[in-house]
Amino acid sequence: MSLHPIGKLYTHLHSSEQGLTQSEAVLRQARYGPNQLEKIAGTPLFIRLFREFTHFFALILWFAAGLAFFAEWRDPGQGMATLGYAVLGVILINGVFSFWQEYRAEKALAALNNLLPHHTTALRDGHAVQLMVAELVPGDVILLAAGDDVPADCRLIEAFGVRVNTANLTGESRPQSRDTKVAPEELRQDILHAGTSLISGDARAIVYAIGMHTEFGNIARLTQTAAEPLSPLQKEIMRLSRLIALFATLLGISFFFVGQVLGLSFWANLVFAIGIIVANVPEGLLPTVTLSLAMATQRMAKKNALVRHLPAVETLGAASVICSDKTGTLTQNRMSLRQCYCSGALVSPGELPEDAPMFDVMQYCHDLRRIEQEGGAVWQGDPMEIALLMSVRTVREHVKRQDEIPFDTERKRMSVICDTPLGPILYCKGAPESVLPLCSALWLNGEVVPLDETGRANLLAVQEQMAEKGFRVLALAYRSLPAEGIETQRETALIFAGLAGLIDPPREAVPAAIKTCHAAGIRVIMITGDHPQTACALAREIGLAVDPVAVTGDRLRQMSDTDLQLLLHEPELIFARTAADQKMRIVQALQRRGEVVAVTGDGVNDAPALKCADVGIAMGLSGTDVAKASADIILLDDNFASIVAAVEEGRAVFDNLRKFLTYILTSNIPEMVPYLAFVLFKIPLPLTIIQILAVDLGTDMLPALALGAERPDPDTMQRPPRARGERLLSWAALLRAYLFLGVLEASAAMAVFFFVLQGGGWQWGVVPGLHDTLYLQATTACLSAIIAMQVVNVFLCRHAQASVFSRTHRRNRLIWYGVASEILLLLLIDYTPWGNALFGTMPIGAKVWLLIIAFMPVMLLMEELRKAVVRRK
Ligand code: ATP
């Protein structure tokens, strides 16, 4: 480490080694404002509203409206203007509704951001305190560790092994080292910029620019934030909607020509073509999907899974493998020292001799920080190091840290060099396999004796023994260094001080969550840096495996890709002593098998694996900023069980959209059949276009949304994950909606239509006047039957296989609100003067209602029968 002329820096920024005083910080905050980037104004609302009226479907509808007005102009008095206005009404209602849904979805997503506060550690009045990043001011002295985002532009005062990732700022993807040297040719060597992150090391730095005054702020001013790309599901919906719209348009046009051939009047034919198009265009599909994804993110957040990218919701629902860390995710990360091996004996921590050098290593060799909080100071950092520090019985004098060789998952050890009254001493702790080869002597009852190969092998055997009991084992060692510190080879010729066995109990909810995963056909693979035996002991304890196969990082390194593929066939697989780069290799190998992989991570080195996985999940509590930035989902409580809960929500989104689609597609058939019958059999038109719109944009709306918001079915986690390429609208779903449910509804609608007509003495071939009471009543009956059948259909659509009466369904109040709205609208349309005027309806009598009501249980019964047959298969 080299020293910087920091005195000048402190003077320049009116600060000191103690940091700022709290009162000075408050003054500066008032002067300089918060340390945050100003929001770059997005697209203005009115432009976004305008877009809702100019997209593909809207254009089709504009065209239809234009056609109607043109027809009115050419041949007034045919009622074409009314139709034109109705279609304009559709465009309006639709645009506003879509806009509202998208706005709500955006708000829901924006609210999620506030759930994850960004903290940093700074010195105030000489104490380390946790601050919100926004509270930083110029002159603040901040403490940074590996994995932290740099919160403001600052200059290094102290740096141990600092490397930064500046990709966000400069696009340079290789890590850059930084230190306190100020060489003229490398002026920026001691500068850390906001927007970059520490990949390794520890640093103390002084802030000189915040918020929009940082380099990053400058760039942010210039660039617009990129919009989120559409998720696969949204893309599929878009494709699907276009396909349906195209189909509808083609159908409309071809029937127009059929009508011409059959000799129908040009205008009647046109109405017919427009009707078919309007009935089938799935107007509000995309915004509904976006909203239902956004609502799912809210439900997931309640279950402690914070979604950063919308597509992750659906991908998580399709996850077939979860690769999970051990420490903190499956376990509580609440460590306690239970057993030690010192001076040739396994003892409890209380039995360690007072002068055991293990205590020195436990006290000095750590990266903990003492943070001042309300209610007293606390240690912050790795719980394992806290456990070791807390086990020190007699606290020794404070010594100054001279240097540090930081921990990383590759080395699996860390060392610190302290200035002690006895001269510089190096304290080292780490995985026994990593530390023992460096030891050439052993502390034995106050003496230092040589340690040979056999001695080291014996110690490794003791580690195995402890690990089998589920202990996480660390080796502790030390050595004196010559006063003139040697720069290289400091971690050699160490004196072995002892082994520390720590216990980290599993999280309570984990065994049940693992069981759920097994039932849901999701494989759970533990990938840990810990010892294989420790990992296996935990795997058995939590029910992850009975007879696990543990593969170490060393063995994995020797394996070819083919060997790895073969290995992945093992049903109970654990990867132990893995290095971070290997995590990515495992993820890629699983993906090559066609698996949808969710992977957890917390460290800097996990970032590539998190990015390459289908769903990267970072730990919210223990995770580094770097890991969080690379993840799709952040676990607010670090708990494995929360992942499983989120998978369930993800699956529900897909299921719900299917329910929703089935429901709205069903009503397309009874809307289309009347037109076909009208053309083919020359009957009076049973349903007018405005009445179709009353269903599509009125009565169907709320029940459909209610289906989109269903809670996960209880059997959601009892079926295997959906296949990677499975379509939202499967053939089975399409056939069920169009050829079964739709046909049932259409039959009822046509039956009541003829019932009314014939009851009024209508003869086949007679064309009633458009304002004829009998005709108005007949169309009203047809419309009422469709709506009544849709009331039944909401319940049928709640599950594709389970009976309506089964206990499968969870309470969903929205369904009842939806049904109530449906019935209320129907009554308004049928029985109020303005309803009659607007929709061309006329009150119908009790007899007609009896017939309609009689059809309702028939539809229910038929669908129950179908479901029973499907279930039996
Ligand atoms: P997981 O990967 O499941 O979180 P882990 O914490 O054991 O498990 P790593 O953080 O990669 O994984 O650690 C690997 C090994 O390095 C540990 O088993 C331990 O032996 C050693 N180790 C971990 N943290 C420290 C530390 N702070 N100081 C020294 N050695 C450590």
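Note: hydrogens, waters and symmetry copies are ignored here, and every other heavy atom, side chains too, is used.
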*Asks:* Could you measure the distance from the NE2 atom of His118 to the CD atom of Glu135? Nearest 0.5 Å is fine.
*Replies:* 14.0 Å
*Asks:* Can you give me the closest heavy-atom contact between Ala627 and Leu610, atom names plus distance?
*Replies:* O-CD1, 3.5 Å
*Asks:* Taking Ala134's backbone N and O only, do any of them form a donor-acceptor pair with Asn35's side chain (distance below 3.5 Å, no angle check)?
*Replies:* no
*Asks:* Could you tell me whether the side chain of Arg370 reaches within less than 4.5 Å of the side chain of His127, counting heavy atoms only?
*Replies:* no
*Asks:* For residues Arg479 and Thr492, determine if any side-chain heavy atom of one lies less than 4.5 Å from a side-chain heavy atom of the other.
*Replies:* yes
*Asks:* So does Asp638 pair up with Arg507, basic N to acidic O under 4.0 Å?
*Replies:* no
*Asks:* What's the verdict on side chain to side chain contact (heavy atoms under 4.5 Å, CB included) for Cys517 and Val644, showing C-alpha distance, side-chain angles and the deciding distance?
*Replies:* CA-CA 7 Å; Cys517 283; Val644 182; 3.5 Å; yes
*Asks:* Evaluate Gln339 against Val473 for side chain to side chain contact (heavy atoms under 4.5 Å, CB included), listing each step before the verdict.
*Replies:* CA-CA 9 Å; Gln339 197 173 48; Val473 188; over 6 Å; no
*Asks:* Between Leu352 and Val347, is the side chain to side chain contact (heavy atoms under 4.5 Å, CB included) condition met? List the steps.
*Replies:* CA-CA 7 Å; Leu352 278 177; Val347 291; 3.9 Å; yes
*Asks:* Exactly one of Leu131, Thr121, Asp625, Leu144 should register a side-chain contact (heavy atoms from CB on, under 4.5 Å) with Pro151. Which one does?
*Replies:* Leu144
*Asks:* Indicate the atoms forming the closest heavy-atom contact of Ile574 with Ala535, along with that distance.
*Replies:* CG2-CB, 3.9 Å
*Asks:* What's the separation between atom CG in Asp202 and atom CG in Leu143, rounded to the nearest 0.5 Å?
*Replies:* 9.0 Å
*Asks:* Once you measure the plane-to-plane angle for Trp379 and His366, does it fall in the parallel (<30°), tilted (30-60°) or perpendicular (>60°) bin?
*Replies:* perpendicular
*Asks:* Any idea which heavy atoms bring Arg577 and Pro432 closest together, and the distance?
*Replies:* NH2-CD, 4.0 Å
*Asks:* Search all heavy atoms of Met335 against all heavy atoms of Leu502 and return the closest pair with its distance.
*Replies:* CB-CD2, 4.1 Å
*Asks:* Does CD belonging to Glu354 count more than 12 external heavy atoms closer than 6.0 Å?
*Replies:* yes
*Asks:* Under the 3.5 angstrom rule, does the side chain of Ser415 hit a backbone N or O of Leu426 as a donor-acceptor pair?
*Replies:* no
*Asks:* Working to the nearest 0.5 angstrom, can you tell me the gap between Ile643 CD1 and Asn304 CG?
*Replies:* 11.5 Å
*Asks:* Within a radius of less than 6.0 Å around CD of Glu508, do more than 12 heavy atoms belonging to other residues, nucleotides or ligands occur?
*Replies:* no
*Asks:* So, Glu351 side chain and Ser348 main chain: donor-acceptor pair closer than 3.5 Å or not?
*Replies:* yes
*Asks:* Distance-only, no hydrogens or angles: does the Asp504 side chain make a donor-acceptor pair with backbone N or O of Asn333 under 3.5 Å?
*Replies:* yes
*Asks:* Just to verify, what does Arg557 make a side chain to side chain donor-acceptor pair (under 3.5 Å) with, not counting sequence neighbours?
*Replies:* none
*Asks:* Is there a side-chain contact between Met526 and Leu330, using heavy atoms and a 4.5 Å cut-off?
*Replies:* yes
*Asks:* Stepwise, does the side chain to side chain contact (heavy atoms under 4.5 Å, CB included) test hold for Asn639 with Thr329?
*Replies:* CA-CA 5 Å; Asn639 193 345; Thr329 314; over 6 Å; no
*Asks:* What I want to find out is whether Lys326 reaches Asp530 closely enough, with some N-O distance under 4.0 Å, to be called a salt bridge.
*Replies:* yes
*Asks:* Okay, side chain of Thr624, backbone of Asp602: is any donor-acceptor separation there less than 3.5 Å?
*Replies:* yes
*Asks:* Checking the side chain of Arg585 only, and the main-chain atoms of Leu556 only, is there a donor and an acceptor separated by less than 3.5 Å?
*Replies:* yes
*Asks:* Is the shortest side-chain heavy-atom distance between Thr327 and Arg472 below 4.5 Å?
*Replies:* yes
*Asks:* Given 3.5 Å as the limit, does a donor-acceptor pair link the side chain of Gln582 with the main chain of Gly553, or not?
*Replies:* yes
*Asks:* Is it the case that the side chains of Ser200 and Arg163 hold a donor-acceptor pair, with the cut-off being a distance below 3.5 Å and no angle test?
*Replies:* yes
*Asks:* Is there side-chain contact between Ile405 and Phe160, with heavy atoms separated by less than 4.5 Å?
*Replies:* no
*Asks:* Between Leu368 and Gly381, what is the shortest heavy-atom contact and its length?
*Replies:* CD2-CA, 3.6 Å
*Asks:* In Å, rounded to the nearest 0.5 Å, how long is the span from CG of Asp149 to OG1 of Thr120?
*Replies:* 9.5 Å
*Asks:* Nearest 0.5 Å, what's the NZ-CG distance between Lys412 and Leu474?
*Replies:* 12.5 Å
*Asks:* When you compare the side chain of Tyr10 with that of Ile206, does any pair of heavy atoms fall below 4.5 Å?
*Replies:* yes
*Asks:* Is the count of non-hydrogen atoms from other residues, nucleotides or ligands lying under 6.0 Å from Glu17 atom CD greater than 12?
*Replies:* no
*Asks:* Is the shortest distance from a Lys or Arg side-chain nitrogen in Arg401 or Asp367 to a carboxylate oxygen in the other one below 4.0 Å?
*Replies:* yes
*Asks:* Pick one: which of Lys583, Lys611, Lys628 meets salt bridge (Lys or Arg N to Asp or Glu O under 4.0 Å) with Asp606?
*Replies:* Lys583
*Asks:* With a 4.5 Å heavy-atom cut-off, do Met414 and Glu385 have their side chains touching?
*Replies:* yes
*Asks:* For atom NZ of Lys302, decide whether the heavy atoms of other residues, nucleotides or ligands shown that lie under 6.0 angstrom number more than 12.
*Replies:* no
*Asks:* Does Ser391 use its side chain to pair, donor to acceptor, with the backbone of Leu337 at less than 3.5 Å?
*Replies:* no
*Asks:* State, without any angle test, whether Glu433 and His531 hold a side-chain donor-acceptor pair at a distance under 3.5 Å.
*Replies:* no
*Asks:* Has the side chain of Arg338 got a donor or acceptor atom that lies under 3.5 Å from a matching backbone atom of Pro349?
*Replies:* no
*Asks:* Would you call Glu491 and Arg413 a salt bridge, using N to O less than 4.0 angstrom?
*Replies:* yes
*Asks:* Between Cys323 and Phe575, is any pair of side-chain heavy atoms under 4.5 Å apart?
*Replies:* no
*Asks:* Answer with yes or no whether the side chains of Gln402 and Asp419 bring together a donor and an acceptor at under 3.5 Å.
*Replies:* yes
*Asks:* So which heavy atom on Leu451 is nearest to which on Arg456, and how close?
*Replies:* CD2-CG, 3.7 Å
*Asks:* Any donor-acceptor pair under 3.5 Å linking the side chain of Thr196 with the backbone of Leu192?
*Replies:* no
*Asks:* Does atom CZ of Arg334 have more than 12 heavy-atom neighbours, drawn from other residues, nucleotides or ligands, at distances under 6.0 Å?
*Replies:* no
*Asks:* SG/Cys365 to OH/Tyr427 distance, rounded to the nearest 0.5 angstrom?
*Replies:* 10.0 Å
